[in-house]
S.K.: 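Below is a structure I'd like to ask you about.
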Amino acid sequence: MRKKLRLGIMGGTFDPIHYGHLVTAEEALVQFNLDKVVFMPTGVPVRKTHRSVSSAEHRYLMTVIATASNPDFEVSRLEIDRPGPTYTVDTIHALRDLYGTEAELYFITGADAVWDILTWKDSDAIADACAFIAATRPGYDLGRFAEERQRGIRIETMEVPALAISSSDIRARFGERRPVRYLLPESVSAYVEKYALYSPDGAL
Ligand code: ATP
Ligand code: MG
């Protein structure tokens, strides 16, 4: 019998993608023995409406540039090519069509994002269809998911060292001309400069 495909899905705005995302994906790949990690830039984010988000094409290309050297990382256009707001439940259906019903889907997120997802539309369907890998800071209380686990939601946790990095901080740094080196790949930061994505007078 063919081995079931174990697929990690790393969804995000990726505005811009940074080493926090990349370290987390690589750690999940190895710790959970995944066959690959699919990065999934979101289409029109339903939640981040308070600021202007860079175009889907810019976010997609930054994600491609950042992951290009890793043979186990892929980038999917599923969400950015789908018109209208992004719902994870639609993405899961599309992934099942692509990879078959047998594939095991692991959603890789920051620990806080798990609670977000569980308040989304059709969260029960999401929880039935896939497991979560929640990245936490070293020393963070892993008992926090006890209630979710009791509800039958499969949540694995994993400690990653680069959790303090965030896209919003990086955007602010670009805007204020503070250093961004070592927070994200240089190729991505060159891309940001080339298209002046986070210029000082632009919205953060
Ligand atoms: P923003 O600051 O705009 O919220 P972000 O840095 O959180 O951006 P997102 O694109 O929103 O980046 O995050 C995508 C996913 O990556 C989410 O599941 C989020 O929890 C997770 N994530 C974000 N930053 C880190 C990090 N430093 N380490 C591990 N996971 C992260
Ligand atoms: Mg975030």
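For ligands, and for the atoms within them, numbers begin at 1 and follow the listed sequence. Start at 1 with the first residue, then count along the sequence.
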S.K.: Using a plain distance cutoff, I'd like to know if Ser167 has any nitrogen or oxygen under 3.5 Å from a nitrogen or oxygen of ligand 1.
M.R.: yes

S.K.: What atoms of ligand 1 come within less than 4.0 Å of a heavy atom belonging to Ala113?
M.R.: 18 (O), 20 (O)

S.K.: Which atoms from ligand 1 have a heavy atom of Gly12 less than 4.0 Å away?
M.R.: 10 (O), 14 (C)

S.K.: Which atoms of ligand 1 have any heavy atom of Gly11 under 4.0 Å away?
M.R.: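 Heavy-atom distances to Gly11 below 4.0 Å select 14 (C), 15 (C).
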
S.K.: Just which atoms of ligand 1 are under 4.0 Å from any heavy atom in Met10?
M.R.: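 Heavy-atom distances to Met10 below 4.0 Å select 16 (O).
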
S.K.: One residue to check: Thr109. Relative to ligand 1, which of side chain, backbone, both or neither has a non-hydrogen atom less than 4.0 Å away?
M.R.: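 Both backbone and side chain of Thr109 come within 4.0 Å of ligand 1.
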
S.K.: Quick one: which of Glu27, His21, Met40 has a heavy atom closest to atom 9 (P) of ligand 1?
M.R.: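 Among Glu27, His21, Met40, the closest heavy atom to atom 9 (P) of ligand 1 comes from His21.
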
S.K.: Are the side chains of Ser199 and Phe174 in contact, using a 4.5 Å heavy-atom criterion?
M.R.: no

S.K.: For Leu105 and Phe132, run side-chain contact (heavy atoms from CB on, under 4.5 Å): C-alpha distance rounded to whole Å, both residues' side-chain angles, the deciding distance at 0.1 Å, then the answer.
M.R.: CA-CA 8 Å; Leu105 303 183; Phe132 295 92; over 6 Å; no

S.K.: Under a 3.5 Å cutoff, is there a donor and acceptor pairing between the side chains of Glu79 and Thr42?
M.R.: no

S.K.: Give the atom numbers and elements of ligand 1 that come within less than 4.0 Å of a heavy atom of Gly20.
M.R.: 26 (C), 27 (N), 28 (N), 29 (C)

S.K.: Which atoms of ligand 1 sit under 4.0 Å from any heavy atom of Ser166?
M.R.: 2 (O), 6 (O)

S.K.: Within the structure, does Asp169 bring an N/O atom to less than 3.5 angstrom of an N/O atom in ligand 1?
M.R.: no

S.K.: Looking at Arg171, which atoms of ligand 1 are within less than 4.0 Å of one of its heavy atoms?
M.R.: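 Counting atoms of ligand 1 from 1, those under 4.0 Å from Arg171 are 3 (O).
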
S.K.: Pairing donors with acceptors under 3.5 angstrom, does anything connect the side chains of Ser54 and Asp15?
M.R.: yes

S.K.: Hey, is ligand 1 close enough to Val160 that some N/O pair sits below 3.5 Å?
M.R.: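 Between Val160 and ligand 1, no N or O pair is found under 3.5 Å apart.
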
S.K.: Just wondering, more than 12 heavy atoms not from Arg181 lying within 6.0 Å of its CZ?
M.R.: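 Not buried by this count: 12 neighbours or fewer within 6.0 Å.
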
S.K.: Quick one, Phe32 with Met158, criterion side-chain contact (heavy atoms from CB on, under 4.5 Å). Give me CA distance, side-chain angles, the key distance, then yes/no.
M.R.: CA-CA 9 Å; Phe32 296 92; Met158 164 185 84; 4.0 Å; yes

S.K.: Walk me through whether Leu78 and Met40 qualify under side-chain contact (heavy atoms from CB on, under 4.5 Å).
M.R.: CA-CA 7 Å; Leu78 252 179; Met40 181 88 63; 3.7 Å; yes

S.K.: Quick one: does NZ or CZ of Arg77 land under 6.0 Å from the six-membered ring centre of Tyr60, within 45 degrees of the ring axis?
M.R.: yes

